Amino acid sequence: MSTDVPMPAPIRRLPTTRAGYPIPVLTPRGDMSATFTIKELPDTGLTAVCPCRDHDRPHKLGAICPDLQRRAMRRHRCGVCGTRLDPRSGLAFIRDDPYTLDFIEPPLHPRCMAYSAQACPVLARSIDTAQVLICRRVRLYERRETARWDGRRTVHRHFPLGDAHGRRFGALVYLVAVPVSPQVYPCAEWLDQHAPPLS
C-alpha cells in the first residue's frame, strides 16, 4: 500500500496499521474462521454472525466482516470510510473483469475509490486493466449459502431481500449490490479524467 497518495479526510479518521495504512471499516479482527458462527435471527433466519469486534486481535486486512458488511449496505455507508453515501455524487465500484455485475464490497464515495485504487496494493496492480463503475442506485440481494452433500464445499445463491425461499435455502452471509445503469470507465482513464481530486 502506498503512503504517497493524498488521504481524504474521512479516511484519515480511520484507525491505522503500525505502518500508517488506514484500516477500512469492514475489516474484521482476527481470523474469522475462529469466530464465525451461524445463528437463527428473527429478521433474517439463519445468519452468519461475526463477533470480531468483541476482542482486540489484530485486524485481518483484505477480509470482510459479514455483520459490518450487511450493516454498511443497508445503511448506505461507504465500504472504506464508513460515512454516509450521497447517490447524487455517485456510488463507485471497481472490478477486475468486464463480466462482474454484482458486488459483495459496498459502494464507495468516488473520492474514497480514487484513493483506494492508487493506495491499495491489490487494486493498484490492476489499474491498467480494472474498470470503475459509477451509478446513482443499486439493487440489494441476499447472498445465502448452504453446504453441499459432502460437507466440504458451499453453494451460494442470491435472493431478494426477505425472500422466504432464501431462508429455506441457507444462511445469509453477505448482501450483494447490483449497480443500476452504471457508467463504466477504464480505471486509469477514470482516475485521470473523472475522479475527484484527493487534496
Side-chain angles (χ1 to χ4, degrees), residues 7-15 22-29 32 41-45 47-53 59-96 100-120 122-123 130-145 156-163 166-167 171-185 187 190-191 194-198:
M7 197 179 295
I11 293 180
R12 284 199 301 269
R13 292 193 283 268
L14 294 173
I23 299 171
V25 294
L26 305 183
T27 306
R29 287 183 175 272
M32 285 192 300
L41 300 182
D43 293 335
T44 54
T47 303
V49 176
C50 179
C52 65
R53 291 172 298 152
H59 287 91
K60 181 77 171 177
L61 293 176
I64 297 177
C65 168
D67 288 332
L68 297 176
Q69 187 267 5
R70 294 191 303 264
R71 189 173 298 120
M73 287 283 206
R74 289 186 183 277
R75 297 182 180 179
H76 311 290
R77 301 284 176 168
C78 173
V80 169
C81 75
T83 63
R84 190 163 180 84
L85 294 160
D86 183 351
R88 294 171 298 180
S89 62
L91 309 173
F93 297 87
I94 192 167
R95 65 186 181 189
D96 290 330
T100 300
L101 300 174
D102 48 50
F103 297 84
I104 289 176
E105 296 83 359
L108 308 184
H109 297 107
R111 186 168 279 111
C112 291
M113 177 62 75
Y115 172 80
S116 300
Q118 299 172 79
C120 169
V122 175
L123 297 180
Q131 294 179 328
V132 171
L133 289 72
I134 304 293
C135 65
R136 306 213 182 278
R137 187 166 64 90
V138 299
R139 288 192 295 267
L140 292 182
Y141 296 89
E142 296 178 352
R143 175 182 165 127
R144 289 187 174 265
E145 298 184 1
H156 73 267
R157 285 181 55 192
H158 298 165
F159 295 89
L161 297 180
D163 185 82
R167 285 196 179 206
L172 172 62
V173 181
Y174 295 111
L175 295 182
V176 174
V178 177
V180 176
S181 303
Q183 294 178 290
V184 181
Y185 305 90
C187 184
W190 183 77
L191 288 169
H194 305 284
L198 294 178

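Since this is a predicted model, take the numbers as computed values, not measurements. If you read the sequence from its start, that first residue is 1, and numbering goes on from there.
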Mind listing the side-chain donor-acceptor pairs of residues 102-114 below 3.5 Å, one per line with the distance, residues two or more places apart or on another chain?
residue : atom : partner : partner atom : Å
His109  : NE2  : Arg84   : O            : 2.9
Arg111  : NE   : Pro197  : O            : 2.7
Arg111  : NH2  : Pro197  : O            : 3.4

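Partners of Gln69 by side chain to side chain donor-acceptor pair (under 3.5 Å), not counting sequence neighbours: none found. Take Asp86 and apply the salt bridge (Lys or Arg N to Asp or Glu O under 4.0 Å) test, not counting sequence neighbours, and it matches Arg88. Legend: residues meeting salt bridge (Lys or Arg N to Asp or Glu O under 4.0 Å) with Arg143, ordered by chain and number and at least two apart, are Glu145. Applying the side chain to side chain donor-acceptor pair (under 3.5 Å) rule to Thr100 yields the partners Asp97; only residues at least two apart in sequence or on another chain are considered. A search for side chain to side chain contact (heavy atoms under 4.5 Å, CB included) contacts involving Arg137 returns Val180, not counting sequence neighbours. Scored by the side chain to side chain donor-acceptor pair (under 3.5 Å) test, Thr47 finds Thr44 as partners (sequence neighbours excluded). Arg75 is linked by a side chain to side chain contact (heavy atoms under 4.5 Å, CB included) to Arg71, Arg77, counting only residues two or more places apart in sequence or in another chain. When the side chain to side chain donor-acceptor pair (under 3.5 Å) test is applied to Arg95, the partners found at least two apart in sequence or on another chain are Gln131. Residues satisfying the ring pair (Phe, Tyr, Trp, His ring centres under 6.0 Å) criterion with His76, sequence neighbours excluded, are absent altogether. Applying the salt bridge (Lys or Arg N to Asp or Glu O under 4.0 Å) test to Arg70 and every residue at least two apart in sequence or in another chain returns Asp67. With sequence neighbours excluded, the residues satisfying side chain to side chain contact (heavy atoms under 4.5 Å, CB included) with Ile134 are Ala92, Val132, Tyr185, Trp190.
No side-chain heavy atom of Glu142 sits under 4.5 Å from any side-chain heavy atom of Val176. You'll find the side chain of Leu198 stays beyond 4.5 Å of the side chain of Met7, heavy atoms only.
The two residues Leu85 and Cys78 come nearest to each other via the heavy atoms CG-N, 3.7 Å. Residue Ser116 comes nearest to Val80 through the heavy atom pair OG-CG2, 3.7 Å, listed as atom of the first residue, atom of the second, then distance. The shortest heavy-atom contact between Leu14 and Cys81 is CD2-O, 3.9 Å. Smallest separation of non-hydrogen atoms from Pro87 and Leu91: CA-CD2, 4.0 Å. Annotation for Leu140 and Leu161: closest pair O-CG, 3.7 Å, computed over non-hydrogen atoms. Nearest heavy atoms, Cys135 versus Phe93: SG-CE1, 3.9 Å.
Atoms CG and SG, from Leu133 and Cys187 in turn, are 11.0 Å apart once rounded to the nearest 0.5 Å.
Put simply, the side chain of Tyr115 never gets that close to the backbone of Ile11: no donor and acceptor are under 3.5 Å apart.
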